[in-house]
Amino acid sequence: MKKNIVLAVPMGDPAGIGPEIVLKAIAHGDLAGKATIVVIGDQALLEKTAQDCALTFAFDMVVTTDEECAACLESGPDSILYHHRLVDLKKFSYGSIDGMCGRAAYECIAQAVRLTQMGLTKAVVTPPLHKESLKAGGIASIGHTEILGELTDTVNPVTMFETLGLKIFFMTRHLSLRQACDAVTRERLLKTILACDRLAKNSAFDQTKPLVVAGLNPHCGEHGLFGDEEMMEIVPAIEDARSAGVDIVGPVGADSVFHQAKMGKYKAVVSLYHDQGHIAAKTLDFDRTISVTWGLPFLRTSVDHGTAFDIAGKGIASSISMTEALSVALRYLKAQGV
Amino acid sequence: MAMKPIIGVLVGDATGVGPELVARLASKRFFDDLCRPVVIGDARVFELGMKIIGQKVPYQVISDVSEATWEQGIPLLDQKDLDPAVDFEIGKVSIKSGASVMNMISKAAELFLAKKIHGFTFAPFNKEAMKKAGCEFESEHHLLANIFGHTGPFGEINVVGDLWTTRTTSHIPIKDVSANLSVNTIMRAITLADTSLRNSGIAKPRLGLAALNPHAGEHGLCGREEIDVIAPAIAQAKAAGIDASGPYPSDILFIKAFRGDFDGVVTMYHDQGQIALKLKGFDEGITIAGGLPAPIATCAHGTAYDIAGKGIAGTRAFENAVKMTCRMASHMLAGGKV
């Protein structure tokens with residue numbers, strides 16, 4: 001019998017929409033027959049969420065040990081709940097910052113990482129966490145990617161966006177626009193390009209297409225008429241990268257490059273500042289903008305939205321992003337021949 | 001019933017897709033329900049457009065708009081200044097074609113000032129050709145402002161679907177954007193959007209303002225322009241009775257805008273809006289000459305040398321530009337201002 005690809009899914013912060021969108025993604029069954037989803041979470045909490053959100057608690061099996069989990073995987077089910085008792089329902093409420101929930105969310109991630117490093121699961125697909133709940137629970141790391149980095153001793157994991165096949169890397173993230181401009185230097189960009197190129201050797205990328213760097217200034221500065229970073233920093237960095245054997249083109253004006261990438265012209269776009277890539281990805285399809293973390297010992301995809309405390313437990317959260325994160329993970333793993 | 005406006009239709013730079021776009025729309029009788037069109041350009045260039053699309057369209061050569069009957073084919077004001085047989089090649093920048101474009105613009109502006117036409121739509125120009133032909137202005141909008149003796153605020157407005165976008169800064173280095181943001185410059189862009197939308201018939205336009213920095217600066221954590229200038233400008237606009245709100249993170253703003261939350265968006269820099277608009281409406285976007293005394297619009301795309309002369313150019317953007325010109329002109333005829 002052909003074995004399914006197995007994805008590990010921690011339930012996310014219990015007080016947010018994480019458990020709800022995980023249950024919905026499983027109930028919709030978009031990956032049924034193609035992948036086995038192993039959710040790591042608290043059974044009582046998930047049952048309560050299912051009830052409150054008028055969803056079916058549709059797991060094929062519930063396990064509590066690695067041995068049971070491994071045995072169940074043999075039959076290729078669509079979904080397994082790996083239960084850990086983590087949440088005291090008497091003290092639980094939706095939509096609040098709670099150390100207990102922060103710790104529970106952390107524990108689920110740690111288990112997902114463990115199962116994946118053991119080889120039982122092949123990738124980790126994550127719903128949202130709440131940073132302040134983590135902090136209240138005594139977790140020092142500030143977010144998902146940092147936690148994953150620490151659990152796997154990874155230095156500098158790299159975040160990429162994937163929106164309907166459009167892949168975007170970021171040179172800088174949370175800098176003011178003014179500081180982001182200063183960060184565009186030949187050395188730093190070359191370093192970024194080389195890092196992206198290494199990651200883009202992964203067969204999840206179309207190897208017949210080049211990487212591309214987005215321009216910084218309007219129309220790439222029109223030969224220095226309005227902005228000279230293209231001439232002084234970006235073009236030299238691209239030439240350095242080419243000399244180092246990287247298949248790369250650019251800079252291409254930011255208002256054209258994403259449209260061209262959408263049409264399939266490039267392997268991935270290297271975006272020079274936060275909003276450049278974010279505007280493109282989210283405008284193209286907000287719900288299907290998925291965050292991919294490279295550089296970990298395994299593939300990780302994630303929704304890019306938050307815990308949405310204001311609508312948690314109401315059954316109205318959209319699971320499109322969660323389903324997309326699962327689908328992208330499956331697609332990448334298949335491309336990698338897993 | 002109100003008379004349909006008389007609209008000038010400029011064939012644009014003859015080396016690009018302009019002649020075929022104008023001929024195509026004339027052959028489809030696209031203008032009939034919207035306006036009384038007057039083609040402005042050389043009759044031989046219009047003939048060339050018909051040849052490219054392989055259709056014969058009846059037209060009436062006139063030397064003054066008063067001669068137009070709209071019963072003997074589409075009226076054409078013959079410039080007699082450009083001969084396709086000797087003066088230019090399709091797909092190559094031509095000084096003679098640039099000079100012809102300058103004549104077209106002067107003629108259209110002159111006709112508007114003489115109240116012989118109520119607005120005009122132009123097919124794509126080529127800035128390089130205009131410059132080579134002696135145009136000393138940075139864009140056709142500046143040239144028009146000069147002809148009109150217009151000294152008030154004006155600027156490019158980009159429209160995709162029902163969404164209008166104005167920019168606080170445009171063709172400047174992105175590192176200088178921050179220094180160019182002030183309550184005054186932002187207010188100019190707000191006023192331009194508000195006034196132009198009102199002139200197109202929207203009584204109380206809803207405007208969304210973009211932030212400059214990632215996550216709108218996160219309360220000053222990554223940039224202070226939101227606090228220091230954008231929010232005060234919004235407050236001033238509100239005090240002046242304008243329905244302005246924000247600043248919104250720019251990756252969220254366009255989602256809200258395309259969902260219909262706003263009639264107009266005011267961006268802080270060129271690519272902020274252009275990335276989103278080109279992704280959303282590459283084939284349909286238009287540009288309005290905002291702030292000028294006449295209703296003037298064009299398609300957002302350029303001369304498209306790669307496909308010019310083949311008869312395959314899509315007409316959607318140009319059609320939208322004609323529709324918008326007619327909408328603004330009809331509003332003006334009905335007593336509104338431009």
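Chain A is the first sequence line, chain B the second, and so forth, proteins listed ahead of strands; every chain is numbered from 1. The structure presented is a predicted model; accordingly, all values stated were derived computationally and were not measured.
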- May I ask you to name which of L279(B), I252(B), I275(B) has the most heavy-atom pairs under 4.5 Å with chain A? I275(B)

- Flag if over 12 foreign heavy atoms under 6.0 Å of CE, M102(B): yes

- Note on the structure: Smallest heavy-atom separation, G227(A) atom then P173(B) atom, equals N-CG, 3.4 Å

- One should read off an interatomic distance between Q274(B) CD and S256(A) OG, to the nearest 0.5 angstrom, of 9.0 Å

- Got more than 12 heavy atoms from elsewhere within 6.0 Å of CG, D162(B)? no

- Task: State whether the number of non-hydrogen atoms from other residues, nucleotides or ligands found under 6.0 Å of K262(A) atom NZ is greater than 12.
- Result: yes

- Task: Answer whether the closest heavy-atom distance between the side chains of E222(A) and H171(B) falls below 4.5 Å.
- Result: no

- Counting heavy-atom pairs under 4.5 angstrom with chain A, the leader among A257(B), S178(B), S250(B), G223(B) is S250(B)

- Message: Treating N217(A) as the side-chain partner and I174(B) as the backbone partner, does any N or O pair qualify as donor plus acceptor under 3.5 Å?
- Response: yes

- Query: From R173(A) CZ over to C222(B) SG, what is the distance, rounded to the nearest 0.5 angstrom?
  - Reply: 11.5 Å

- Message: Quick check on L221(B) against chain A: is it the side chain, the backbone, both or neither that has a heavy atom closer than 4.5 Å?
- Response: neither

- Message: How long is the straight-line distance from CD1 of I279(A) back to CG of D251(B), given to the nearest 0.5 Å?
- Response: 7.0 Å

- Below 4.5 Å from any heavy atom of chain A, which atoms of L212(B) appear? Answer side chain, backbone, both or neither. both

- Note on the structure: Per-residue tally against chain B (heavy atom, under 4.5 Å) across H259(A), H174(A), H274(A), E229(A) peaks at H259(A)

- Task: Below 4.5 Å from any heavy atom of chain B, which atoms of Q276(A) appear? Answer side chain, backbone, both or neither.
- Result: both

- Rounded to the nearest 0.5 Å, what separation is found between the CD atom of E138(B) and the CG atom of L225(A)? 9.0 Å

- Is there a donor-acceptor pair closer than 3.5 Å between any side-chain N or O of N213(B) and the backbone N or O of L177(A)? yes

- Should the heavy atoms of other residues, nucleotides or ligands under 6.0 Å from NZ of K24(A) be counted, would the total exceed 12? yes

- Item | side-chain contact (heavy atoms from CB on, under 4.5 Å) between L253(B) and K282(A), worked out | CA-CA 10 Å; L253(B) 176 63; K282(A) 293 183 184 173; over 6 Å; no

- If you measure from CZ on R259(B) to CZ on F286(A), what distance do you get to the nearest 0.5 Å? 9.0 Å

- Item | Separation of D275(A) CG from Q272(B) CD (nearest 0.5 Å) | 6.5 Å

- Report the relative orientation of the aromatic rings in Y273(A) and Y269(B); use parallel for angles under 30°, tilted for 30 to 60°, perpendicular for over 60°. perpendicular

- Considering only heavy atoms, which portion of E218(B) lies under 4.5 Å from any heavy atom of chain A: side chain, backbone, both, or neither? neither

